[in-house]
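Read the structure below first, then the notes.
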Protein chains: 2
Amino acid sequence: MKTEIEELLRKKEIKITANRILILELLLNTPHSLSIATIEKALPWADRATIFRTLKTFEKKALLHAVKDDDKPIKYAICSDACEVNYHKIHPHFHCDTCGNTFCLYDYDFRLPKLPDNYTADKYSLVINGICSNCQKHNI
Amino acid sequence: MKTEIEELLRKKEIKITANRILILELLLNTPHSLSIATIEKALPWADRATIFRTLKTFEKKALLHAVKDDDKPIKYAICSDACEVNYHKIHPHFHCDTCGNTFCLYDYDFRLPKLPDNYTADKYSLVINGICSNCQKHNI
DNA sequence: TACGATTTGCAATTAGATTGCATTTGGTTT
DNA sequence: AAACCAAATGCAATCTAATTGCAAATCGTA
Ligand SMILES: [Mn+2]
Ligand SMILES: [Mn+2]
Ligand SMILES: [Zn+2]
Ligand SMILES: [Zn+2]
């Protein structure tokens, strides 16, 4: 496991450090996006500023992306394999009103409809709110 | 003009005050959403806290809605006529990378595609980034 | 081992949103 | 008109999240 993570960091040209390994491991093992505060709770020995800068580094290297839902602390999630430094695969996100988690919807078939005349688009952000598959089950 | 505004406030059951009239007038006369800071600049005599609470009041009464694009300060825009206290007409927003303004797209034909199994949606937020009609013209 | 470039830890700052509280204001009741 | 009450306002203070400065710790390499 740790080897895979180091491999990933190497591939993205990010210098390997203990902090980075553990933060990346946490993100990889979590099915939803995480905020700095949440990462801080999961890795109590880690410093907030270090987490912040680690996330920024990862973001710059297209290892993860910021997820901005309606809630306050910004969350971060691992990028798709397709993402590179100069190309980010845009995709919708789903925010569950029950568990509060926000998920990346990589397989959701969504395309932007034609814009009004004289408007050009280069990216979008779609956040859907509702109840996630997991909370659906536990709520019967 | 002022009479129309007072009429609108009356219809929404909001007590009429000087602050509210002028803040609402500004929002009505602006084609894009406005942040508290921007309103503060346009109405220098107004207090930030008062603007804040006025916007909250307006929001609660379905006179306007918060617009959350990728940029930091939250913006606010007048609601559509269809909006009521218990029903808000959801619509996409357009953020212009050139002028920085964010517009409501009331006439944009957008419907949420079918979600993955076991996911239910009750609302969404779509923000499109690009260049607006106005900046398009000035950029030839 | 010494050196130079990064990364890290800790404290402090910034930005924006939000609140407490005393005062003012506006409408209503004697 | 004077007293009265509730809501609105102004100003300062607080809170949360994001971000930065700087010195010490690290790491790879000469
Ligand atoms: Mn995502
Ligand atoms: Mn809008
Ligand atoms: Zn859920
Ligand atoms: Zn524009």
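Chain letters run A, B, ... following the sequence lines, proteins first, then strands; residues in each count from 1.
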Can you measure [X] atom [atom1] to [N] atom [atom2] for me and round it to whole angstrom units?
X	N	atom1	atom2	value
A:I21	C:dT7	CD1	P	14 Å
B:K60	D:dA8	NZ	P	10 Å
B:I51	C:dT18	CD1	P	14 Å
B:D47	C:dT23	CG	P	17 Å
B:I23	D:dG10	CD1	P	9 Å
B:K68	C:dA17	NZ	P	10 Å
A:F52	C:dT7	CZ	C1'	15 Å
B:I74	D:dA17	CD1	C1'	13 Å

Could you check which of [options] has an atom nearest any side-chain atom of [X]?
X	options	value
A:K15	D:dT9, D:dT19, C:dT6	C:dT6
B:A49	C:dT19, D:dA18, C:dA17	C:dT19
A:R48	C:dG9, D:dA8, D:dT19	D:dT19

(message) Base, sugar-phosphate or nothing for B:R20? Non-hydrogen atoms, less than 4.0 Å.
(response) sugar-phosphate
(request) Look at B:D117 together with B:K114 and state whether they make a salt bridge at an N to O cut-off of under 4.0 Å. (result) yes
(request) Decide, yes or no, whether a salt bridge links B:D109 with B:R111 under the criterion of side-chain N to carboxylate O below 4.0 Å. (result) yes
(message) Looking only at the aromatic ring of each residue, does the gap between the centers of B:Y108 and B:F94 stay below 6.0 angstrom?
(response)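 No, too far apart.
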(message) Looking only at side-chain N and O atoms, does B:S35 offer a donor or acceptor that is under 3.5 Å from a partner on B:T38?
(response) yes
(request) Sequence neighbours left out, what pairs pass side chain to side chain donor-acceptor pair (under 3.5 Å) with at least one residue falling in residues 75-92 of chain B? (result)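 Sorted result for residues 75-92 of chain B: B:H65-B:H91, B:D69-B:K75, B:H91-B:H93.
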(message) Return whichever of B:K75 or A:A46 has its heavy-atom-nearest nucleotide of DNA chain C closer to the 5' end.
(response) A:A46
(request) Output yes when at least one side-chain N/O atom of B:T17 is less than 4.0 Å from OP1 or OP2 of D:dA8, else no. (result) no
(request) Please tell me which of A:K72 and A:R53 maps to the more 5' nucleotide of DNA chain D, matching each residue to the nucleotide holding its nearest heavy atom. (result)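 Looking at DNA chain D, the more 5' nearest nucleotide goes with A:K72.
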